[in-house]
Enquirer: 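Structure provided below as structure tokens; questions to follow.
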Amino acid sequence: MFSSGHDATNHIDNPLWLYSIEQYKKPGCADFLLHAQDNYALDLNILLFIGWLVTQKKCYDESRSMQWAHAWQAKKVIPIRQVRQRAKRLSNLHFYEAMKQLELSSEHAQQALLFNISEVWPVSELSRDEIFESSLKKYAADKPLLEEKSWLQALYKHLQP
């Protein structure tokens with residue numbers, strides 16, 4: 001449904017992907033986000049997406065179109081990640097690296113979906129802090145982690161350019 005978007009959705013240079021690469025390289029960010037993914041079942045790509053949305057003054061919207069991105073994560077990214085994690089225990093570095101690249105490609109495709117979906121979302125009048133809080137509540141309302149102010153502050157810090 002979203003594959004016919006403009007070139008930015010299909011190339012490495014879409015603004016969400018570039019933002020994500022830059023944030024992920026920041027000291028401590030990768031470890032923090034991977035911990036959130038592995039220990040709290042949060043989608044690292046959605047967290048990065050929320051951070052990028054703040055820079056665009058847009059609020060996360062759990063609209064019907066988001067089902068595509070969630071389904072991609074569940075049916076593509078997670079199974080590939082599980083195989084990559086199992087491959088890490090093998091003594092075949094070449095296979096592990098190939099699985100790592102495949103996982104990265106699947107995450108890139110999910111981010112292209114997210115970028116494309118967000119193109120039609122309106123700009124918000126809320127402050128950056130309000131956009132961040134509102135977006136996280138919409139995404140992870142059922143997660144007790146959102147009650148931990150220090151965790152939220154650390155996440156916000158990691159997601160700011």
Side-chain angles (χ1 to χ4, degrees), residues 1-2 5-6 8-10 12-82 84-85 100 103-161:
M1 176 175 185
F2 295 104
H6 59 76
T9 64
N10 299 319
I12 198 80
D13 63 348
N14 95 49
L16 170 59
W17 185 251
L18 293 175
Y19 161 87
S20 297
I21 290 169
E22 287 305 310
Q23 295 313 113
Y24 208 75
K25 287 192 287 188
K26 288 170 69 176
C29 184
D31 290 337
F32 184 87
L33 293 175
L34 287 169
H35 182 78
Q37 172 184 277
D38 296 341
N39 295 293
Y40 304 111
L42 294 171
D43 183 342
L44 185 147
N45 278 328
I46 300 290
L47 294 177
L48 287 164
F49 180 52
I50 288 171
W52 178 76
L53 286 171
V54 169
T55 71
Q56 304 303 299
K57 300 258 323 155
K58 293 183 177 187
C59 290
Y60 177 86
D61 182 4
E62 193 58 56
S63 62
R64 271 185 62 135
S65 55
M66 283 301 295
Q67 292 174 356
W68 291 94
H70 293 312
W72 187 269
Q73 173 76 8
K75 294 179 180 178
K76 308 287 194 256
V77 177
I78 291 173
I80 293 169
R81 180 177 301 132
Q82 290 168 338
R84 180 199 42 89
Q85 288 170 337
K100 194 171 163 183
E103 182 181 0
L104 186 62
S105 293
S106 69
E107 289 177 332
H108 180 239
Q110 182 189 15
Q111 285 206 2
L113 283 170
L114 292 167
F115 178 78
N116 200 15
I117 290 165
S118 73
E119 288 281 279
V120 297
W121 291 354
V123 172
S124 175
E125 296 294 322
L126 298 175
S127 72
R128 286 178 171 243
D129 290 348
E130 291 169 326
I131 290 171
F132 179 72
E133 276 189 50
S134 169
S135 296
L136 268 179
K137 285 179 183 172
K138 288 176 188 171
Y139 166 59
D142 61 334
K143 306 286 186 196
L145 189 58
L146 294 182
E147 303 301 318
E148 296 179 32
K149 289 287 185 203
S150 62
W151 187 87
L152 288 174
Q153 290 169 341
L155 176 63
Y156 190 70
K157 178 183 155 241
H158 286 298
L159 296 179
Q160 293 312 295

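Predicted model only: the values in this text are computed from it and were never measured.
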Enquirer: With heavy-atom distances below 4.5 Å as the criterion, would you say the side chains of Leu155 and Leu136 are in contact?
Expert: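 The answer is yes, as the side chains (C-beta and beyond) meet within the 4.5 Å cut-off.
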
Enquirer: Below 4.5 Å, heavy atoms only, C-beta onward: do Leu48 and Leu33 meet side chain to side chain?
Expert: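 With C-beta onward as the side chain, the pair touches.
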
Enquirer: With a 4.5 Å limit on heavy-atom distance, are the side chains of Val123 and Gln56 in contact?
Expert: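 Val123 does not reach Gln56 side chain to side chain.
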
Enquirer: Working to the nearest 0.5 Å, report the span between CD1 of Ile80 and NZ of Lys75.
Expert: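 Result: 14.0 Å between the selected atoms.
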
Enquirer: Only counting residues at least two apart or in another chain, list the ones meeting side-chain hydrogen bond (donor to acceptor under 3.5 Å, both in side chains) with Ser20.
Expert: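 Ser20 satisfies side-chain hydrogen bond (donor to acceptor under 3.5 Å, both in side chains) with Gln111 only.
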
Enquirer: Within a 6.0 Å radius of atom NZ on Lys137, are there more than 12 heavy atoms belonging to other residues, nucleotides or ligands?
Expert: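 No, not enclosed.
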
Enquirer: Between Phe132 and Leu152, what is the shortest heavy-atom contact and its length?
Expert: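 Shortest heavy-atom separation between Phe132 and Leu152 comes out as CE2-O, 3.8 Å.
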
Enquirer: Is there side-chain contact between Gln110 and Val77, with at least one heavy-atom pair below 4.5 Å?
Expert: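 They are in side-chain contact.
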
Enquirer: Any side-chain to backbone donor/acceptor pair from Lys26 onto Gln160? Under 3.5 Å, distance only.
Expert: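 Answer holds: yes.
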
Enquirer: Indicate yes or no for a side-chain donor-acceptor contact from Lys58 to the backbone of Ile50 under 3.5 Å, with no hydrogens or angles considered.
Expert: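 Such a contact is absent between Lys58 side chain and Ile50 backbone.
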
Enquirer: Does any part of the side chain of Leu114, heavy atoms only, come nearer than 4.5 Å to the side chain of Trp52, both counted from C-beta?
Expert: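 Result no, sub-4.5 Å side-chain heavy-atom pair not found.
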
Enquirer: To the nearest 0.5 Å, how far apart are OG in Ser127 and CD in Glu130?
Expert: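 It comes to 3.5 Å.
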
Enquirer: Do the side chain of Asn116 and the main chain of Ala112 share a donor and acceptor less than 3.5 angstrom apart?
Expert: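 No, Asn116 side chain to Ala112 backbone: no donor-acceptor pair under 3.5 Å.
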
Enquirer: Please tell me if the side chains of Glu133 and Leu126 come closer than 4.5 Å, counting only heavy atoms from C-beta onward.
Expert: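 Glu133 does not reach Leu126 side chain to side chain.
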
Enquirer: Enter the distance from Asp31:CG to His35:NE2 here, rounded to the nearest 0.5 Å.
Expert: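 If I round to the nearest 0.5 Å, the distance is 10.5 Å.
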
Enquirer: Can you list everything that forms a ring-ring contact (aromatic ring centres under 6.0 Å, His included) with His70? Sequence neighbours excluded, please.
Expert: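 His70 satisfies ring-ring contact (aromatic ring centres under 6.0 Å, His included) with no residue once adjacent residues are dropped.
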
Enquirer: Who passes salt bridge (charged side-chain N to carboxylate O under 4.0 Å, His left out) against Glu103, sequence neighbours left out?
Expert: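 Partners of Glu103 by the salt bridge (charged side-chain N to carboxylate O under 4.0 Å, His left out) criterion, ordered by chain and then number, come out as Arg81, Arg84.
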
Enquirer: Is there side-chain contact between Leu53 and Leu16, with heavy atoms separated by less than 4.5 Å?
Expert: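 Not in contact.
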
Enquirer: Less than 6.0 angstrom separating the ring centers of Phe49 and Trp121, yes or no?
Expert: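 Between Phe49 and Trp121, the centre distance is under 6.0 Å.
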
Enquirer: Do Tyr24 and Trp17 have ring centres separated by under 6.0 Å?
Expert: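 Centroid distance Tyr24-Trp17: not below 6.0 Å, so no.
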
Enquirer: Got a second to check how far Ile78's CD1 is from Gln37's CD, nearest 0.5 Å?
Expert: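 Ile78 atom CD1 to Gln37 atom CD measures 8.0 Å (nearest 0.5 Å).
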
Enquirer: From His108 NE2 over to Phe115 CZ, what is the distance, rounded to the nearest 0.5 angstrom?
Expert: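 It is 10.5 Å, given to the nearest 0.5 Å.
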
Enquirer: Answer whether the closest heavy-atom distance between the side chains of Gln23 and Pro161 falls below 4.5 Å.
Expert: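 The answer is yes, as the side chains (C-beta and beyond) meet within the 4.5 Å cut-off.
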
